[in-house]
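Not measured: the values here are computed from a predicted model. Each chain gets a letter, A, B and so on, in the order the sequences are listed, and its residues count up from 1.
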Protein chains: 4
Amino acid sequence: MTRGPHRSESSRRAILESAGALLLQHGWSGLTVEGIAAHAGVGKQAIYRWWPVKSGIIADALAEGALLPSLHETPDSGDVLADVTAWLVEVAQLLGVPGRSDLIRSLLGAAVENEQVAAALGERLGAAPSAVAGRLSRAIESGELPPDVPVQLMTEALIGAVLLRVLSREPFEAGDARDLAAVMLGQRR
Amino acid sequence: MTRGPHRSESSRRAILESAGALLLQHGWSGLTVEGIAAHAGVGKQAIYRWWPVKSGIIADALAEGALLPSLHETPDSGDVLADVTAWLVEVAQLLGVPGRSDLIRSLLGAAVENEQVAAALGERLGAAPSAVAGRLSRAIESGELPPDVPVQLMTEALIGAVLLRVLSREPFEAGDARDLAAVMLGQRR
Amino acid sequence: MTRGPHRSESSRRAILESAGALLLQHGWSGLTVEGIAAHAGVGKQAIYRWWPVKSGIIADALAEGALLPSLHETPDSGDVLADVTAWLVEVAQLLGVPGRSDLIRSLLGAAVENEQVAAALGERLGAAPSAVAGRLSRAIESGELPPDVPVQLMTEALIGAVLLRVLSREPFEAGDARDLAAVMLGQRR
Amino acid sequence: MTRGPHRSESSRRAILESAGALLLQHGWSGLTVEGIAAHAGVGKQAIYRWWPVKSGIIADALAEGALLPSLHETPDSGDVLADVTAWLVEVAQLLGVPGRSDLIRSLLGAAVENEQVAAALGERLGAAPSAVAGRLSRAIESGELPPDVPVQLMTEALIGAVLLRVLSREPFEAGDARDLAAVMLGQRR
DNA sequence: CGCTAACCGAGACGGTACGTCGGGTCTTGTT
DNA sequence: AACAAGACCCGACGTACCGTCTCGGTTAGCG
């Protein structure tokens, strides 16, 4: 075992939660290490010691679920279109919460500087193997979708469409979710 | 009429070009007004006078084509899939140039802070009415596509997929372009 | 003439005065650039721009008389002992003011790091050619003192004795002044 | 009785020696507790436990002779001038060693913050009753000097002159030592 | 054709935040 | 109980840029 003092779990959590709260309030460009430290009641060095790069804090906060709620597990009703639609509608609802869109845009800002944030954001929104990506794969296995469907590309197109809406400050509503799912999967039923 | 000298065109161009060069070199987070002014041989005030917000410079540079080359006009061969594929392949080639992907990621960073940049970036990549979006609309008019195809969503999905690849630092190659176009339009031929 | 903005005289004075006030309050080891800047209502850069080394501020403040009052010009009554005694008594009175001794001790701290401070402090206390050092030289010229008297060493011994008292936190009073003058010049009358 | 290990003598010595070495290298303002701890292979707490104030380490190191060599005992040949001159010449030689002057200047820095350092430094240089101060007292007792000679002031003037030279970065050489002794005691032979 | 106001370069200014250093305290496991 | 190691909160460091401002100088175009 290593001797001496160990990393303080309470500080770690306070930092992640403060980072989340301040990211929501001030956006990515307004997020400062100094602000996080003050809000968390922590010294700056306690941050720099463990996160040499600021965006790393966001990556961790995102991965721990301190920023975005978890989506429900994508269901498997046997009907891909229905399942994907359900997921996309849930994403649309997620975006419907006031401020959520701004938060995700801020996360995009962090993702630009940090690959981990990009990956974590993608996974949170459905790129995880346990989510849509997985559902599509299973659809191929079950013969519901032809084997040549590029699962990753399709997932990226779905999430990318949502994020592009976020970027352009336009809403992405349940109707859009249904249309998008339909146009990408509908004819294959 | 206003007296005295008017806005210096040479300064304006020097600023936009310097902004582009420095964005490429240092990324969005490393782009500073002071750096642009020094590189352009211009006073800081000459920048603040005309662009109160830094990201506005990027929006203008982008709109003037100082950052990304223009894509060819999307052709209209009568075959939507072929035309969309051609466009998407061109986008893939654009991304293949070394550093281009980083540049676009930097532009995403600016787009997070500035809606104009987001819009300009979208247009540059194909969301302009004269580009893919327009081609899809015409396909509906000509009956090549059913009238209920959501043109905007489809365009967003196509561009979004590309941008998500940029965000996750993965290549988007010609093969991906073809697969993506096929999966979204193929079965409608 | 140089173009552009010029050095702000008001900032310069505010900095010197703040430095003096804070040196008096907190001592040399408690003097911070940040504190000076805040007290003077000035940005830190305005200090670092002109004084790369903190002790330089003290040197300037001292040279401008913002820290210690000027001594009277050493008189020339024709009696060296009387004149030197008068000066030394004045120095003793200077030290008698509450806090003055602490201030001079602080100045010694700065002098350790900066030769200019040492020089300015010496001059303020009598090493200037116009002060005791000069008076002693004139005494040699007039035959009042033998020509082999080492003026500089004698001046240093006089001031050094005073400063050593300051260093050891013991008072240097008028009686000491008279005794010291007498023991160094008395027998030569 | 206290249980467990008592104060580690080896740590104590390592700390004092490291403090001396680092004071010589980096000066008083560059001397850090952390640096001493690292150099001595000791935990910071082992320092703070025994020396609540940093300058106390210097005071101890000085008192133990870890910083300056001991001067010879001031001789008593029956000739005060000769004896004082001998001492002062030895002080001049002490200062002649490269780096010695810087070290003493650093000690002055510590003395500004800590009276013990000031006292210890004075004693090391001759203010101890066993050194010059004592020799002068004995000279009065033996009638070699008149009884009204202020021994302390004279000692302070001698040492003060030397320290002022140190402060102003000028050498104090054997010739200065002889001149100074002569001017202060010469005529009393 | 000369005035004068808007623009220009340069860069100092009051600020905020950066990332680092060190101070002094506290915690952990070892001796 | 003292030790080494080192994490902790905190304050200051010296630097980089922000956006504003103040300089001299240099053009227009209007009077």
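F:dA12 atom C1' lies 14 Å from atom CG of C:Leu22, rounded to whole Å. Taking atom CH2 of residue D:Trp51 and atom P of nucleotide E:dG23, one finds them 15 Å apart after rounding to whole Å. Atom-to-atom, CZ of D:Arg49 to P of E:dT27 comes out at 14 Å; the value is rounded to the nearest Å. Look at OH on D:Tyr48: it is 17 Å from C1' on F:dC3, rounded to the nearest Å. B:Arg13 has its CZ atom 16 Å from the P atom of E:dC8, to the nearest Å. Rounded to an integer number of Å, the gap from D:Ile47 CD1 to E:dT25 P is 13 Å.
Nearest approach of D:Thr32 to D:Gly35, heavy atoms of both residues: OG1-N, 2.8 Å. Shown here for D:Arg169 and C:Ala118, the closest heavy-atom pair between the two residues is NH1-CB, 4.4 Å. Taking every heavy atom of both residues into account, A:Ser18 and A:His39 meet most closely at OG-ND1, 2.8 Å.
Listed by residue number, the members of residues 26-46 of chain D with any heavy atom below 4.0 angstrom from DNA chain E are D:Thr32, D:Val33, D:Glu34, D:Lys44, D:Gln45. Listed in residue order, the members of residues 52-63 of chain C having a heavy atom less than 4.0 Å from DNA chain E come to none.
Ranked by how close their nearest DNA chain E nucleotide is to the 5' end, C:Arg7 and C:Gly4 are led by C:Gly4. Each of C:Ser11 and B:Trp50 has a nearest nucleotide on DNA chain E; the 5'-most of these lies closest to B:Trp50.
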**Request:** List the steps, then state whether side chain to side chain contact (heavy atoms under 4.5 Å, CB included) holds for C:Ile15 with C:Trp50.
**Result:** CA-CA 11 Å; C:Ile15 290 166; C:Trp50 305 109; over 6 Å; no
**Request:** Begin with the C-alpha distance, continue with both residues' side-chain angles, and end with the deciding distance and a verdict on side chain to side chain contact (heavy atoms under 4.5 Å, CB included) for A:His26 and A:Leu31.
**Result:** CA-CA 6 Å; A:His26 306 299; A:Leu31 184 69; 5.8 Å; no
**Request:** Kindly indicate, with the supporting measurements, whether the criterion side chain to side chain contact (heavy atoms under 4.5 Å, CB included) is fulfilled by C:Asn114 and C:Ile58.
**Result:** CA-CA 9 Å; C:Asn114 187 320; C:Ile58 300 303; over 6 Å; no
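Between the A:Arg13 side chain and the A:Ser11 main chain, no donor and acceptor come within less than 3.5 Å of each other. Judged by distance alone, the side chain of A:Arg124 and the main-chain N or O of A:Leu68 form a donor-acceptor pair under 3.5 Å.
The side chain of B:His6 contributes an N or O atom lying less than 4.0 Å from OP1 or OP2 of F:dG29.
Rounding to the nearest 0.5 Å places CG of C:Leu22 at 11.5 Å from OG of C:Ser106.
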